> 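Please see the structure below; I have some questions.
Side-chain atoms are counted along with the backbone in the values below, which use heavy atoms only and exclude waters and symmetry mates. No experiment lies behind these values; they were computed from the predicted model shown.
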Amino acid sequence: MLEKLAALGRFGLFGFRMLGAIRLSAPQFRDTVRQIYVIGARSLPIIAVGGAFVGLVMTLQGYRTLSTFGAGNALGTVLSLSVFRELGPVLTAILFCGRAGSAMAAELGLMKATDQIMSLSMMAIDPVGKVATPRFIAGIISVPLLAAVFCAFAILAGWFEASVVLGVDSGYFWASLQNSVDLSEDYGQTFVKAGAFGVACSWIATHVGYHAEPTIEGTSVATTQAVVYGSLATLFLDFLLSAALY
């Protein structure tokens with residue numbers, strides 16, 4: 001128990017250390033922009049494809065259920081509320097953990113194994129501010145933007161299947177979506193959740209990678225921990241935020 005509490009304390013101290021290492025300097029800004037491209041822009045294909053297939057599946061299952069009660073025209077409401085409130089931010093964060101979180105942990109773990117982090121310290125360069133903080137900031141910025149892309153592709157794919165395949169009137173679909181989705185409550189909830197998930201996933205990935213054992217096995221363990229712990233933290237935070245926001 002004491003060991004677990006100590007690990008939790010190290011996790012919190014590492015977060016404060018990353019926040020304290022934020023500098024309004026050109027080198028850190030360049031590193032952050034590069035990480036936004038590496039972990040954010042390069043995650044767009046899997047986010048877009050994942051969102052499209054989630055929209056297709058939700059439309060198919062939702063129409064089958066709603067048509068039983070003669071409410072097939074309310075498909076836009078069911079799809080939009082499900083995607084904006086829950087599926088969009090949650091699945092985006094889980095996909096982010098699998099694609100970008102694992103990459104962050106692996107990169108930091110390999111830096112630790114090859115003594116690159118120790119070399120930065122010997123050159124009087126703060127390794128946290130150089131390698132961990134830019135990735136942490138980039139994750140916080142990238143996840144809400146990726147969640148917006150996920151939701152957009154899910155809605156577009158759902159509309160295409162509803163109107164072309166299932167024969168739902170396109171006007172009813174968009175009208176029900178516009179009448180049911182509120183800008184501050186639903187769109188705002190998407191970005192609030194995605195921002196919280198981005199903080200948690202990036203924090204966990206940088207922590208386990210930075211503190212990985214300096215071996216190849218330690219790097220693989222850190223990569224696994226980044227995905228597993230990040231996904232579990234996303235689901236846990238989703239419950240807390242859903243209870244608080246509702």
Side-chain angles (χ1 to χ4, degrees), residues 1-22 35 39 85-87 89-122 125-144 146-147 189 191-246:
M1 188 64 182
L2 292 177
E3 184 180 351
K4 297 297 183 182
L5 291 176
L8 184 61
R10 288 192 296 269
F11 179 70
L13 290 174
F14 183 74
F16 284 113
R17 189 177 174 186
M18 284 195 297
L19 292 177
I22 296 177
Q35 290 302 321
I39 69 177
R85 291 184 178 181
E86 289 297 329
L87 295 179
V90 172
L91 293 181
T92 298
I94 292 176
L95 291 174
F96 178 83
C97 286
R99 161 60 180 81
S102 60
M104 286 192 287
E107 288 175 358
L108 293 175
L110 287 174
M111 288 181 184
K112 190 76 174 292
T114 55
D115 293 329
Q116 295 182 46
I117 292 178
M118 183 180 295
S119 300
L120 290 173
S121 300
M122 294 177 66
I125 299 175
D126 181 15
V128 173
K130 180 64 177 177
V131 300
T133 300
R135 289 171 171 80
F136 177 65
I137 298 174
I140 297 174
I141 297 173
S142 299
V143 174
L146 292 174
Q189 186 173 153
F191 287 104
V192 168
K193 284 188 173 183
F197 299 158
V199 171
C201 295
S202 303
W203 189 356
I204 291 172
T206 52
H207 177 266
V208 297
Y210 189 86
H211 294 93
E213 293 292 330
T215 60
I216 299 301
E217 183 181 359
T219 302
S220 64
V221 170
T223 304
T224 303
Q225 289 177 340
V227 177
V228 174
Y229 293 165
S231 300
L232 292 177
T234 296
L235 298 175
F236 176 70
L237 287 175
D238 179 55
F239 169 73
L240 293 181
L241 290 173
S242 297
L245 293 174
Y246 286 117

> Can you name the nearest heavy-atom pair linking R135 to I39, along with the distance?
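In terms of heavy atoms, the two residues are closest at O-CD1, 3.9 Å.
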> Quiz question: by atom type and distance under 3.5 Å, do the side chains of K193 and S242 form a donor-acceptor pair?
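There is such a pair between these side chains.
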> Between the side chains of Q116 and T114, does any donor sit under 3.5 Å from an acceptor?
yes
> Distance from L237 atom CG to L232 atom CG, nearest 0.5 Å?
11.0 Å
> Write down the atom of A93, the atom of C201, and the distance for their closest heavy-atom approach.
O-SG, 4.1 Å
> Determine the minimum heavy-atom distance between A106 and T219, stating which atoms define it.
O-CG2, 3.7 Å
> What verdict does the side chain to side chain contact (heavy atoms under 4.5 Å, CB included) test give for F96 and S202, after you've listed the backbone C-alpha separation in whole Å, the side-chain angles of each residue and the deciding distance to 0.1 Å?
CA-CA 9 Å; F96 178 83; S202 303; 4.0 Å; yes
> Rounded to the nearest 0.5 Å, what's the gap from CE on M18 to CD1 on I22? Could you check?
8.5 Å
> Using 0.5 Å steps for rounding, measure from the CD1 atom of I216 to the CG atom of L110.
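Reported value, rounded in 0.5 Å steps: 6.0 Å.
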> If you measure from OG1 on T223 to CD on Q225, what distance do you get to the nearest 0.5 Å?
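Separation between the atoms: 9.0 Å.
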> Do you know which two heavy atoms are closest between A212 and G218, and how far apart they sit?
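Answer, listing the atom of A212 first, then G218: CB-O, 3.8 Å.
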> For side chain to side chain contact (heavy atoms under 4.5 Å, CB included), just list the numbers for E86 and D238, CA-CA rounded to whole Å, side-chain angles, deciding distance to a tenth of an Å, and then say yes or no.
CA-CA 8 Å; E86 289 297 329; D238 179 55; 2.8 Å; yes
> For F14 together with W203, are the ring centres under 6.0 Å from each other?
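Not under 6.0 Å, so no.
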> In Å and rounded to the nearest 0.5 Å, what is the CG to CG distance from L91 to L146?
13.0 Å
> Please confirm whether the backbone N or O of V128 pairs with a side-chain atom of T133, one donor and one acceptor, at under 3.5 Å?
yes
> How many angstroms lie between atom CE of M111 and atom NZ of K130, to the nearest 0.5 angstrom?
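Here the rounded value is 9.5 Å.
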> Going through the checks in order, is the side chain to side chain contact (heavy atoms under 4.5 Å, CB included) test met by Y210 and R17?
CA-CA 12 Å; Y210 189 86; R17 189 177 174 186; 4.0 Å; yes
> Checking L241 against F197 for the side chain to side chain contact (heavy atoms under 4.5 Å, CB included) test, could you report, in this order, the C-alpha distance in whole Å, the side-chain angles of both residues, the deciding distance, and whether it holds?
CA-CA 10 Å; L241 290 173; F197 299 158; 4.2 Å; yes
> What closest approach, in Å, do A226 and A105 show between heavy atoms, and which atom pair accounts for it?
CB-CB, 3.7 Å
> Please name the pair of heavy atoms, one in T234 and one in I94, separated by the smallest distance, quoted to 0.1 Å.
CG2-CG1, 4.4 Å
